[in-house]
Each structure stands twice: as structure tokens, then as C-alpha cells.
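In what follows, a single structure is set out as C-alpha cells and then discussed.
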Amino acid sequence: MIRDETDPSMRQKIFSMNLNVETVSLYLLCCAVADTGQEITLSVIQEKWNGDQATLERALERLGKENILRLVPSKAGNDPVYRLVDEENWR
């Protein structure tokens with residue numbers, strides 16, 4: 001289930017999951033983007049991310065593996081779009 005977008009995005013559970021700093025940072029960045037009403041796209045994330053591309057890719061993969069962030073079909077074409085998943089569905 002995709003989370004209700006009217007609530008603030010950030011969930012405290014992220015801090016008790018033993019994820020590395022970069023993965024938690026990416027989650028927080030995605031929450032900030034979502035809270036502004038923007039779509040979480042790869043280009044938006046890359047624009048705001050201050051680490052290297054390899055670290056970003058590892059963090060995206062881990063958030064996907066934990067079912068925290070889900071890749072969804074894009075209306076805009078080639079720019080991947082992500083959605084935050086309700087914490088009840090996290091692994």
C-alpha cells in the first residue's frame with residue numbers, strides 16, 4: 001500500500017532499522033520532497049543528493065529491498081518515479 005500523502009512523510013521507525021547513514025539520509029530527502037508535493041523522481045533526488053552516484057544507487061536499492069520506497073510507472077517518460085510505502089508494509 002502506498003502511504004496517504006496528506007500526512008507528514010517521515011516515520012521514526014527508520015531510525016531503528018539498522019540502516020546505514022546514507023540510506024536514512026536518502027529516506028529523509030525523499031520525505032522532504034514528498035512533503036512539498038513534488039513527485040519523488042530520480043532527477044529531483046540527484047539534484048538534491050550531495051553524495052556520489054554509486055552511494056545513491058546503493059541507498060535506492062536498499063530502500064527498495066526494505067519496501068520503504070517503491071518504483072512506480074512514470075507519466076513523464078524516462079525519469080523514474082518513486083513512492084514512499086506505508087511503514088506497516090516495510091520489511
Q | Heavy-atom check, side chain of Leu84 versus side chain of Ile40, under 4.5 Å | A | yes
**Q.** Test: Glu87 and Arg11 ion pair at under 4.0 Å
**A.** yes
**Q.** Ser25 OG to Asn20 CG distance, which is reported to the nearest 0.5 Å
**A.** 8.5 Å
Q | Glu22 CD to Leu60 CG distance, which is reported to the nearest 0.5 Å | A | 12.5 Å
Q. Counting only N and O atoms by type, is there a donor-acceptor contact under 3.5 Å from the side chain of Asp79 to the main-chain atoms of Thr41?
A. no
**Q.** Any residue meeting side-chain contact (heavy atoms from CB on, under 4.5 Å) with Lys65, in chain and number order, not counting sequence neighbours
**A.** none
(Q) Could you check whether any side-chain N or O of Trp90 sits under 3.5 Å from a backbone N or O of Val85, counting only pairs where one atom can act as donor and the other as acceptor? (A) yes
Q) If we only count heavy atoms from C-beta on, is the Phe15 to Met10 side-chain gap below 4.5 Å? A) yes
Q) Are side-chain heavy atoms of Ile45 and Leu29 found at a separation under 4.5 Å? A) yes
Q) Any donor and acceptor pair, going by atom type alone, linking the side chain of Asn67 with main-chain N or O of Arg91 inside 3.5 Å? A) no
Q) Is there side-chain contact between Val72 and Tyr82, with heavy atoms separated by less than 4.5 Å? A) no
**Q.** Gap between atom CD of Gln38 and atom SG of Cys30 - 0.5 Å precision
**A.** 11.5 Å
Q: Please step through side chain to side chain contact (heavy atoms under 4.5 Å, CB included) for the pair Val81 and Leu71, ending with a clear verdict.
A: CA-CA 6 Å; Val81 175; Leu71 186 62; 5.8 Å; no
**Q.** Partner set under side-chain hydrogen bond (donor to acceptor under 3.5 Å, both in side chains) for Gln53, not counting sequence neighbours
**A.** Gln46, Glu57
(Q) For Asp52, give me all partners under side-chain contact (heavy atoms from CB on, under 4.5 Å), at least two apart in sequence or on another chain. (A) Ala54, Thr55
(Q) Are the side chains of Met17 and Tyr27 in contact, using a 4.5 Å heavy-atom criterion? (A) no
Q: Before accepting this row, confirm whether a basic side-chain N of the pair Glu39/Arg83 lies closer than 4.0 Å to the acidic partner's carboxylate O.
A: yes
Q: Could you tell me whether the side chain of Ile68 reaches within less than 4.5 Å of the side chain of Thr23, counting heavy atoms only?
A: no
